[in-house]
Amino acid sequence: MYLKKMFLPTLKEAPADAEVASHRLMMRAGMIRKVAAGVYNLLPLGLRVIHKVERIVREEMTGAGAQEVAMPMVLPAELWKESGRWDIYGKELLRLKDRHEREFCLGPTHEEAITDMVRRDVRSYRQLPLNLYQIQTKFRDEIRPRFGLMRGREFIMKDAYSFHATDESAEEEYRNMYGTYSRIFERCGLYFRAVEAETGPIGGSFSHEFMVLADTGEDSIVSCNTCSYAANIERAGIRPPDGASLPLTGAKGIEKVSTPGMKTVEEVSGFLNVPPERLIKTLIYRTGKGVIAALVRGDFDINEAKLKRVLGADTFALADEKTVKEMTGADVGFAGPVGLKIPVYADFSVRDMRDGVTGANEKDAHIINVIPQRDFSAGYGDLRKARQGDPCPRCAGALEIKKGIEVGHIFKLGTKYSEAMGATFLDEKGVERPVIMGCYGIGIGRCAAAAVEQNHDENGIIWPIPLAPFHCHIVPVNVNDKDTMKAAEQIYSSLTAKGYEVLLDDRDERAGVKFKDADLIGVPVRITVSSKTLKQGSVEIKERSKEGARLVRIEDTVKDVGTLLEG
RNA sequence: CGGGGCGUAGCGCAGUCCGGCAGCGCACCUGCUUUGGGAGCAGGGGGUCGGAGGUUCGAAUCCUCUCGCCCCGACCA
């Protein structure tokens with residue numbers, strides 16, 4: 001491609017709203033342009049990168065036995081009502097009506113659509129297993145889209161769904177996809193980790209997220225410094241304390257103290273001069289199973305995802321002030337487990353406390369010398385949010401917390417959708433059963449953005465070769481010099497003939513401008529052609545990822561480039 | 001949804017407090033010079049100042065309403 005003909009508008013400055021490197025650089029490199037909040041145009045250079053990611057995904061998915069399909073982006077409400085998600089998916093689901101006032105939505109994910117597709121034609125276990133995928137534009141009306149392609153409202157996703165007659169088959173496919181995903185992200189040149197994850201509104205029994213490690217990531221991931229344990233922070237377990245209770249003898253009885261206006265852990269801790277780890281924090285939640293209290297040590301935080309899972313509640317939220325007052329008899333800030341009439345769930349960190357301090361369920365009062373198991377009873381579990389250095393749930397190691405970008409997610413769904421929507425088959429014995437499902441997603445645009453996030457410097461993008469929009473970038477220093485242009489065009493032709501994708505900067509610009517743009521765009525190999533080096537029969541070859549250029553004989557250029565690109 | 005902020009040329013911004021010719025840098029067009037890391041000089045084009053209404057002799061500037069965007073929080077494959 002000759003640059004003069006290409007629609008490649010680069011920018012010296014990025015728009016003020018571009019905060020992270022990938023967003024700034026993709027804007028500046030002329031890859032993307034914003035159309036509305038979280039909605040982007042893909043310009044030629046950007047689309048080339050997206051196509052590279054898609055190609056890798058297609059090759060690996062096909063290689064793993066999956067088949068590509070295409071489903072509509074506009075989906076009828078009936079399907080979503082059948083699964084029950086029309087009412088629970090919330091405002092992220094963009095709903096619309098057609099001219100006949102029939103309800104539709106823009107597909108944020110396609111479990112309903114694919115289950116409908118399969119139930120129409122799958123009758124027998126002989127037709128299973130099946131893995132179908134598509135690469136398609138999705139729409140989720142995110143509360144706060146940001147970071148360019150990283151978290152758009154409209155985005156390209158590869159979503160695959162598998163259908164099985166048996167659990168074993170579904171789990172085998174889960175492992176197959178786990179391996180496939182690992183290969184895909186390796187081929188994309190991404191530094192990633194697979195972590196155990198929450199299943200969220202998609203549902204299902206277990207799942208892994210594939211996280212690209214980057215400081216700008218929006219997710220926190222927890223990993224063990226000793227064993228291979230890794231999980232999303234929402235999921236991350238913590239090894240409970242050994243449970244050897246301290247002797248109760250000599251302990252004082254509980255005592256009420258006045259704490260006017262002291263509501264937060266910090267206030268109470270400061271006022272009574274006791275460290276936060278001696279406080280018992282009490283949170284009141286309104287759940288599908290009634291109002292409950294959750295306890296955690298004052299310096300820790302409740303992990304709501306874990307609590308929700310322990311409760312098995314479908315709805316779950318912190319209680320409002322009114323509910324708190326009704327249930328505890330006191331304003332928010334003075335709740336405590338002693339004498340409370342609602343079910344109490346406590347984190348292990350509370351179990352072995354001695355001389356604890358907690359709310360008295362009475363305005364402006366706390367009680368001290370509290371001993372769990374003596375002064376109140378509760379169900380104990382691992383309910384708190386993991387912190388740096390917490391003990392690993394699997395081994396004697398310690399947990400570390402890092403930031404990550406979720407680029408892929410695999411779920412074993414089970415029969416949630418097939419049961420709700422009647423996707424059944426007859427097994428060997430002629431018994432009708434719901435198909436067992438799995439689903440597997442990859443954010444295509446997010447992979448491209450994550451690649452930039454991991455591979456850039458102050459001058460621009462440094463594309464990993466498999467995702468690079470072009471393989472090499474020829475810069476004729478002076479396009480008005482006939483010999484220079486002739487040599488540049490010759491190199492262009494021979495590289496193109498070898499199957500490489502080549503960009504030739506034929507603009508009549510100063511060398512500095514072209515070098516700056518070349519660095520910004522980040523094509524892996526740059527070939528500089530100038531009368532200076534042509535006199536010695538050579539050109540300059542520079543790798544974007546390395547400092548310094550080498551002189552190479554013109555006739556060796558193709559071979560040299562080939563070595564760089566193919567290793 | 002709560003709190004904060006911003007909408008002025010394609011991009012980055014000043015001007016708004018205190019009403020009085022709509023500006024600067026980059027980008028763009030023309031010419032000359034320059035030509036290995038975002039050139040210099042000269043000339044030029046481009047704006048319903050987000051929108052609507054109001055106050056005023058006069059509004060980018062003051063008032064009311066509205067739309068959009070951004071940040072923090074809550075929320076979330």
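So that the names make sense, note that chain A is the first sequence line, chain B the second, and so on, each numbered from 1.
You'll find that the side chain of A:Arg144 is closest to B:rC71, out of B:rC76, B:rC71, B:rG25. Each of B:rA74, B:rG37, B:rG38 was ranked by its minimum atom distance to the side chain of A:Asp517; first place goes to B:rG38. Closest approach to the A:Lys516 side chain among B:rC76, B:rC13, B:rG38 is made by B:rG38 (side chain taken as heavy atoms from C-beta onward). Candidate nucleotides B:rC11, B:rA74, B:rC26 were compared by shortest atom distance to the side chain of A:Lys12, and B:rC26 ranks first. Nearest to the side-chain atoms of A:Ala37 among the listed nucleotides B:rC11, B:rG38, B:rC69 stands B:rC69.
If you take CD1 of A:Ile233 and P of B:rC75, they are 14 Å apart, rounded to a whole angstrom. Atom CZ of A:Phe515 and atom P of B:rA39 are 13 Å apart (whole Å). The interatomic distance linking A:Lys138 (NZ) with B:rC76 (P) rounds to 21 Å, in whole Å. Atom CZ in A:Arg33 sits about 9 Å away from atom P in B:rC11, given to the nearest Å. Regarding A:Arg153, its CZ atom lies at a distance of 19 Å from the P atom of B:rC76, rounded to whole Å. Between A:Ile143 atom CD1 and B:rC69 atom P there is a gap of 15 Å when expressed in whole angstrom units. For A:Ile32 and B:rG10, the CD1 to P distance is 19 Å, given to the nearest whole Å. In this entry the distance linking CG of A:Asp508 with P of B:rU30 reads 12 Å, nearest Å.
Here A:Arg151 lies in heavy-atom contact (under 4.0 Å) with a base. At the heavy-atom level, A:Arg146 lies under 4.0 Å from the strands shown only through sugar-phosphate atoms. A:Glu19 comes within 4.0 angstrom of the backbone, heavy atoms only, and of no base. Using a 4.0 Å heavy-atom cutoff across all strands shown, A:Lys34 reaches sugar-phosphate atoms only and no base atom. Within the 4.0 angstrom heavy-atom criterion, base atoms lie near A:Glu540. Heavy atoms of A:Glu13 sit under 4.0 angstrom from at least one base atom. Within 4.0 Å of A:Tyr440, counting heavy atoms only, lies no atom of the nucleic acid at all. Residue contacts shown for A:Ala36 are absent, as no nucleic acid heavy atom lies under 4.0 Å away. Nucleic acid contact class of A:Asp17 (heavy atoms, under 4.0 Å, all strands): sugar-phosphate only.
With values rounded to the nearest 0.5 angstrom, A:Glu489 atom CD is found 8.0 Å from A:Asp506 atom CG.
Within 3.5 Å, a donor on the side chain of A:Arg526 pairs with an acceptor on the base of B:rG37, or the reverse. Side-chain atoms of A:Arg507 and base atoms of B:rG38 include no donor and acceptor less than 3.5 Å apart.
Nucleotides B:rC32 and B:rA9, compared at atom C1', are 27 Å apart to the nearest Å. The C1' atoms of B:rC13 and B:rU66 are separated by 26 Å, rounded to the nearest whole Å. When the C1' atom is compared between B:rU56 and B:rU61, the two are found 13 Å apart, to the nearest whole Å. As rounded to the nearest Å, B:rG7 and B:rA14 have P atoms that lie 7 Å from one another. Distance check on atom P: B:rC17 versus B:rC28 gives 35 Å, rounded to whole Å. The same atom, C1', is picked in B:rC71 and in B:rG15; the two are 24 Å apart, to the nearest Å. If you take atom C1' in B:rG38 and the same atom in B:rC11, they sit 15 Å apart, rounded to whole Å. One C1' atom belongs to B:rG54, the other to B:rA59, and the distance between them is 11 Å to the nearest Å.
Residues A:Glu234 and A:Asn478 each lie close to RNA chain B; by heavy-atom proximity, the contact nearer the 5' end of the strand is made by A:Asn478. Judged by closest nucleotide on RNA chain B, A:Thr528 is the one of A:Glu406 and A:Thr528 placed further toward the 5' end.
Between A:His409 and A:Phe411, the angle of the ring planes stays under 30°, which puts this pair in the parallel group of the 30/60° scheme. Classification of the A:Phe210-A:Phe192 ring pair by plane angle, with boundaries at 30° and 60°, yields tilted.
Applying the Watson-Crick and G-U wobble criteria (two distances, each under 3.5 Å), B:rA14 pairs with nothing in any strand. Nucleotide B:rC41: paired with B:rG31 (Watson-Crick or G-U wobble, both distances less than 3.5 Å). Taking a pair to require two hydrogen-bonding distances under 3.5 Å in either a Watson-Crick or a G-U wobble arrangement, B:rG2 pairs with B:rC72. The pairing partner recorded for B:rU64 is B:rA52, the criterion being a Watson-Crick or G-U wobble arrangement whose two distances lie under 3.5 angstrom.
In this model, no donor atom of one side chain and acceptor atom of the other lie less than 3.5 Å apart for A:Asp159 and A:Gln136. Looking only at atom types and distance, the side chain of A:Ser223 has no donor-acceptor partner in the side chain of A:Tyr229 under 3.5 Å away.
Remark: A:Lys4 is not positioned above the aromatic ring of A:Tyr2, lacking an NZ or CZ atom under 6.0 angstrom from the ring centre and at most 45 degrees off the axis. Cation-pi check for A:Arg95 over A:Trp86 is met; the charged atom lies under 6.0 angstrom from the ring centroid and within 45 degrees of its normal.
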request  = Carefully, step by step, assess A:Tyr285 and A:Tyr345 under the rule ring pair (Phe, Tyr, Trp, His ring centres under 6.0 Å).
outcome  = CA-CA 11 Å; A:Tyr285 286 93; A:Tyr345 294 81; over 10 Å; no
